[in-house]
Enquirer: 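My structure is below; once you've seen it, I'll send some questions.
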Amino acid sequence: METKRQNYKGSEGIKMPGNTHNGYEALFEPFSIRDVEIPNRIVFQPHFTALGTADGLPTDAHRAYHEARAAGGAGLLIFESMAVHPEGKMSRHFVDAWDPKVIEPFKEIVDAVHKYGSKIFGQLTHSGHTSLEHPTPIMWAPTQIQEPYTNFMPKPMGKSDIKATIEGFAISAKNVIAAGFDGIEIKIAHDGLLRSFASPFFNQRQDEYGGTFEKRMRLCVEVLEAIKKSVGSDVPLGVRLCLNEFTPWGYELDYGLRMAEHLEASGFVDYFNCDAGTFSSYWMEIPPFAVAQGSFQNLNIALKKQSKLPVIAFGRLKEPGLAARIIERNEADFIGMARQLIADPNTPNKIRTGRSDEIRECIACNTCAHQVGRERAIRCTQNPNAGRENELNDLDATPAPQPKMVLVVGAGPAGMKVAEVAARRGHDVMILEKSERVGGLLSLAAKQPLHDEVLSVSHYLETQLRKLKVQIVFNTPVSAEVIRESGADVVVLATGSRPRLPENSGRKYDYPNKTLGDLSASLGRQAESKISGIDGENVFSSDQVMIGNSAIGKKVVVIEENGHWESCGTAEHLADQGHEVYLVTSRSMVGGDLEGANQHLFVERAIKKSIKIITNATVLSISLNHVELKSSLDPDHPWKIDCDSVVPVIGRNSEENLYIELSDLEGAETLNFELLRVGDAVAPRTLESIIYEAALVGSRI
Ligand code: SF4
């Protein structure tokens, strides 16, 4: 059974023409919002970066981040949500737009963007009852109802709070325009106070700010009016508008369109920036790869049909053909991109100059969202420089002082990334790969349901290596002898990893009468616990499953200790192949290391596919027709599950034999080349970590 991507409202997504290098001209027509001419139709959508200081200031990291996207050709950049009031910060790293101290640092950001002819607007919000890890001392809301996702109970706002909020928007707009921004956007979208005031669910007031549709919309209109009075009617003022909350209790498209109609009729709005989802439906706010590209196009089209104002389309619009058709068909006036421009700031310039095949595509893994959701500076799997522009942009573009012969062993993502950066810096690079293709573990990961986009990582790197004339020699297993005789100045081992089984379960550590098995048993974890039968013929590794091992039986128990896709995706793949699957984890939830939106959609699919999820349990023993389990909540009553096969996903170990042979036997100091290791060959980690590490290694050769 093939798993189909989710589409919403019956949309089948949009068929995308291939990258022809032609037909994208529509994306590069200028378009004006009031008197501000935007040089093209590609908008860098606002998104939290956590690059602000803990005391509310924009930083030089913000400057470098935005400068890179302006240099890459985005026509309009909308700076991330900024707080309009001290009680309205969704994170400690929100910029305090209400404080005039932001004006000076903002000037540098604005100048950096203007240098490339791009325009920059600033988005203002009061975060109300939504917060990340560190809520403000008292959160504000129209009524004392919490956002169900976070459960922080807010204070119902009094009249003075409403007045302070309106003043906060006006003052903040003035500060932002004083810094040179070209326009303002307010957020009536996935988080924040203005959307909760407009919401029939969150706003239960019976005063002049609630009770009827018009009264619920009153605060939004008063905020718009105050901003226009504060900065003048010529300054473009837009609304990021949630058109469908996608929650059981939330409003839907009909209500979203009614909100747009009302706001447009006020005369204070100059454009709409479409959006959907809320904190309680964040898989719609930041849709991961399980959601098809173009899935929200019905929302964009509906608003464009209704409104006379310019409309920015949203929703995983990364593909140039899709983007160009939307503009050509007048389904929107601008294409909003956030993650695609995080992954590749140069996307607009590459499209414009006929280099679409060189675009480094966003794979919708949501590592970026996972990172900032924990209030940590933004990071990207595909682009290690994202959020680190100051640290890395120069480093990986600086020519090497002395060109060297570099031999890379392994054409997985780490090996290819090292090779790319090293070759770009002028080294002569060759890769030896034991298999017949590039990608390493990515080839197996891509076989997991809905994971095909992960191949964009190896596709991008392979394209770059071809352009940089890096030779990749396939079907070439490498020995220490081959390396010694290669004549290379630098050898980089990117030999990857293998699945780890708890074969060391009885291993003693430096404490009398204790084994690692005892330790992990006491923690209720599977990692080192002793499992009798783990070496049985009915036990298979995740790699064997994904390669396709015909000996795997009908009923399969997948043991999850690694809460990533390696366990979840393997279990789902087995279910799609017609197996009856149990997914057993020692934690309180499966997929505990996945980003929230991915985890939610995985669990939703797992339930539909009848994958039986067992939490807080470890496997004690494996026999040919069952496993014995123990719950950490009821350890005295082990029980059995009938099964034919078992797949333990307990982590991975580095493939380091070659490294040990080269460095230990002869002694690293006797080698006549520099020996380096990179990626899983050093320590198995996330794709984001190893690509970053590989970029650093490549930049230092
Ligand atoms: Fe896209 Fe993943 Fe990068 Fe985010 S981290 S921009 S989702 S590739």
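Whatever order the structure lists them in is the order used to number ligands and atoms, beginning at 1.
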Enquirer: May I ask you to say whether R316 pairs ionically with E453, meaning some side-chain N is under 4.0 Å from a carboxylate O?
Expert: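 Answer for the salt bridge query: yes.
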
Enquirer: Taking the ring of W565 and the ring of F289, is the distance between their centroids below 6.0 Å?
Expert: yes

Enquirer: Report the part of A386 in contact with ligand 1, treating N, CA, C, O as backbone and CB onward as side chain, heavy atoms under 4.0 Å; options are side chain, backbone, both, neither.
Expert: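 Contact part for A386 vs ligand 1: neither.
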
Enquirer: Considering only non-hydrogen protein atoms, determine which one is nearest to atom 6 (S) of ligand 1 and report residue, atom name and distance to 0.1 Å.
Expert: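 Among all protein heavy atoms, the one nearest atom 6 (S) of ligand 1 is R339 O, 3.3 Å.
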
Enquirer: Considering heavy atoms of the protein only, find what lies nearest to atom 7 (S) of ligand 1 and give residue, atom and distance to 0.1 Å.
Expert: N366 N, 3.2 Å

Enquirer: Taking the six-membered ring of Y692, is the NZ or CZ of R388 close enough (under 6.0 Å from the centre) and on axis enough (within 45°)?
Expert: yes

Enquirer: Do me a favour and list the nearest non-hydrogen protein atom to atom 4 (Fe) of ligand 1 with residue, atom name and distance?
Expert: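 The closest one turns out to be C368 SG, 2.3 Å.
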
Enquirer: Which atoms from ligand 1 have a heavy atom of T381 less than 4.0 Å away?
Expert: 3 (Fe), 5 (S)

Enquirer: Tell me if the CD atom of E108 is crowded by more than 12 foreign heavy atoms within 6.0 Å.
Expert: no

Enquirer: Please could you name the atoms of ligand 1 that A364 approaches to less than 4.0 Å, counting only its heavy atoms?
Expert: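 Reading through ligand 1 atom by atom, the close ones are 1 (Fe), 7 (S).
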
Enquirer: Tell me, do H93 and T49 make a side-chain contact under 4.5 Å, heavy atoms counted?
Expert: no

Enquirer: Tell me, please, whether F94 has R92 positioned over its six-membered ring: NZ or CZ under 6.0 Å from the ring centre and within 45 degrees of its axis?
Expert: no

Enquirer: With a cut-off of 2.8 Å, does C362 put an N/O/S atom close enough to atom 3 (Fe) of ligand 1?
Expert: no

Enquirer: Any N/O/S atom from C365 (main chain or side chain) under 2.8 Å of atom 2 (Fe) of ligand 1?
Expert: yes

Enquirer: E433 and S435: side-chain hydrogen bond (donor to acceptor under 3.5 Å, both in side chains), yes or no, with the steps?
Expert: CA-CA 6 Å; E433 164 57 38; S435 76; 2.7 Å; yes

Enquirer: For ligand 1, which atoms have a heavy atom of T367 less than 4.0 angstrom away?
Expert: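 Once the distances to T367 are compared, the set is 5 (S).
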
Enquirer: Considering non-hydrogen atoms of the protein only, which is the closest contact for atom 3 (Fe) of ligand 1, and what is the distance?
Expert: C380 SG, 2.3 Å

Enquirer: Indicate yes or no: does R587 engage E561 in a salt bridge with an N to O separation below 4.0 Å.
Expert: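 So R587 does not pair with E561 through a salt bridge.
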
Enquirer: In terms of residue, atom name and distance, what is the protein heavy atom nearest to atom 8 (S) of ligand 1?
Expert: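 The closest heavy atom on the protein side is I363 N, 3.4 Å.
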
